[in-house]
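What's counted below: heavy atoms across the whole structure, side chains too, no hydrogens, waters or symmetry copies. Along the sequence shown, residues are numbered consecutively beginning with 1.
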Amino acid sequence: TLIDLADLLLEMGRLDETGDKIRRAIELAADEPAAHLYHGRWLMRLDKPDDAIAAFNRTLALESRFPSAHLRLAEAYQAKKNLEQARWHLRRELLLRPEDAELLLQLGNLLLDCRDYRTAVACLKRLTMLSPERVAGWQNLAVAQFGVGKTNDGIFSRHEALRLEPNSVPALFNLALAYERLGEFDQALVWIKKAAAAAPNDRGVGQLTFRIRIFRAIGAIGRAFRRRPTAIPPTH
């Protein structure tokens, strides 16, 4: 009950009261891993990543497969700019094969932040398999797929995101960007026009629209020159 209350207070930002409840929970049950996990989360909110790491490690010492403990350690190491350790703990969390959609989404986001795109693809594929109606899962999977150079896979994932949320400006924008990278400027223009209709004042959308139009015009000029017949030299 104290841990549940601490969770609520933490979400509400009432940090002093959160600390009181967590300390009381640890006094009552020092061998309860959840109490140390929430202790670490509280310490992270106080901007004490080193103390938080000790609390999360205590969680794992009590239960080596405790859900989200490696994820929280990754957050702490990321806060310390230690991306190598952050990636290691994120991969360890994924090896536990979590089935909670929210945890997988957080895990995927952190993997993207750490630029571990290959592991992010595996994580977010699992999320879209378990929760196929979650738009953010498809959108983030596309980012990871583009990150490993799988542009066509990323386009498919963007289309899935748009199927669920047709006016998603990030999905429309990134789909246009993907087609631009493939040199398919007509297709890119179709999608960026839709993004412009959904967000007419978005500066980034306007800049990409201009760039695609320029590349499209350059491509058209190049094709025109290639089709131009070569003059036959006169015979003597």
Side-chain angles (χ1 to χ4, degrees), residues 1-116 119-120 122-124 126-131 133-141 143-144 165 170:
T1 301
L2 284 167
I3 291 169
D4 289 340
L5 185 54
D7 185 19
L8 177 62
L9 291 167
L10 190 63
E11 293 298 318
M12 295 171 66
R14 293 162 63 173
L15 299 184
D16 289 342
E17 294 171 82
T18 301
D20 290 340
K21 298 298 180 288
I22 290 170
R23 283 189 288 268
R24 180 62 177 149
I26 292 174
E27 287 173 5
L28 290 171
D31 58 351
E32 172 54 56
H36 296 281
L37 183 82
Y38 277 97
H39 186 207
R41 290 184 59 189
W42 174 66
L43 289 165
M44 284 294 293
R45 292 288 293 272
L46 296 177
D47 196 24
K48 295 181 177 181
D50 289 319
D51 293 336
I53 286 169
F56 295 138
N57 279 326
R58 178 61 178 159
T59 303
L60 289 171
L62 291 166
E63 188 175 331
S64 62
R65 298 175 62 86
F66 195 82
S68 84
H70 283 292
L71 172 69
R72 300 303 177 186
L73 273 165
E75 288 178 330
Y77 279 113
Q78 186 187 36
K80 288 168 58 65
K81 311 298 184 186
N82 188 339
L83 296 187
E84 184 178 350
Q85 278 292 320
R87 293 187 194 103
W88 188 86
H89 282 287
L90 291 169
R91 291 168 187 163
R92 290 291 297 177
E93 188 73 49
L94 188 59
L95 285 173
L96 298 176
R97 299 186 62 80
E99 296 190 358
D100 180 85
E102 190 60 37
L103 190 152
L104 283 165
L105 184 60
Q106 292 178 41
L107 186 57
N109 288 342
L110 281 170
L111 286 162
L112 290 175
D113 289 343
C114 292
R115 300 185 182 278
D116 189 349
T119 311
C123 173
L124 293 162
R126 182 168 176 78
L127 172 58
T128 55
M129 180 186 70
L130 293 171
S131 186
E133 301 305 308
R134 187 175 283 251
V135 177
W138 289 108
Q139 289 184 347
N140 292 355
L141 175 58
V143 172
E165 192 176 312

With rounding to the nearest 0.5 angstrom, report the [atom1] to [atom2] distance, [X] to [Y].
X	Y	atom1	atom2	result
Leu104	Leu124	CG	CG	8.0 Å
Leu90	Leu111	CG	CG	4.5 Å
Arg41	Asp7	CZ	CG	5.5 Å
Leu105	Gln139	CG	CD	10.0 Å
His39	Thr18	NE2	OG1	11.5 Å
Leu37	Glu63	CG	CD	10.5 Å

What are the two closest non-hydrogen atoms of [X] and [Y], and how far apart are they?
X	Y	result
Leu127	Ala101	CD1-O, 3.6 Å
Ala34	Ile3	CB-CD1, 3.9 Å
Leu62	Ala30	CD1-O, 3.9 Å
Ala120	Gly108	CB-O, 4.4 Å
Ile22	Ala6	CG1-CB, 3.7 Å

- Message: Looking at Glu27, I'd like to know if its CD atom is crowded, meaning that more than 12 non-hydrogen atoms belonging to other residues, nucleotides or ligands lie closer than 6.0 Å.
- Response: yes
Going by heavy atoms in the side chains, are [X] and [Y] under 4.5 Å from each other?
X	Y	value
Trp42	Arg23	yes
Leu60	Leu73	yes
Leu103	Glu93	yes
Arg72	Thr59	no

- Report the C-alpha separation of Phe56 and Met44 in whole Å, then their side-chain angles, then the decisive distance to 0.1 Å, and conclude whether the side-chain contact (heavy atoms from CB on, under 4.5 Å) test is met. CA-CA 11 Å; Phe56 295 138; Met44 284 294 293; 4.1 Å; yes
- Item | side-chain contact (heavy atoms from CB on, under 4.5 Å) evaluation trace for Arg45 with Leu10 | CA-CA 9 Å; Arg45 292 288 293 272; Leu10 190 63; 3.8 Å; yes
- Message: Donor-acceptor pair, distance only, cut-off 3.5 Å: does the side chain of His36 make one with the backbone of Ala54?
- Response: no
- Task: Give a yes or no on whether the backbone of Thr119 and the side-chain of Arg91 come within a donor-acceptor separation of less than 3.5 Å.
- Result: no
- Message: Arg134 vs Glu102, test: salt bridge (charged side-chain N to carboxylate O under 4.0 Å, His left out). Steps then yes/no.
- Response: CA-CA 10 Å; Arg134 187 175 283 251; Glu102 190 60 37; 3.2 Å; yes
- Classify the angle between the aromatic ring planes of His70 and Trp88 as parallel (below 30°), tilted (30 to 60°) or perpendicular (above 60°). perpendicular
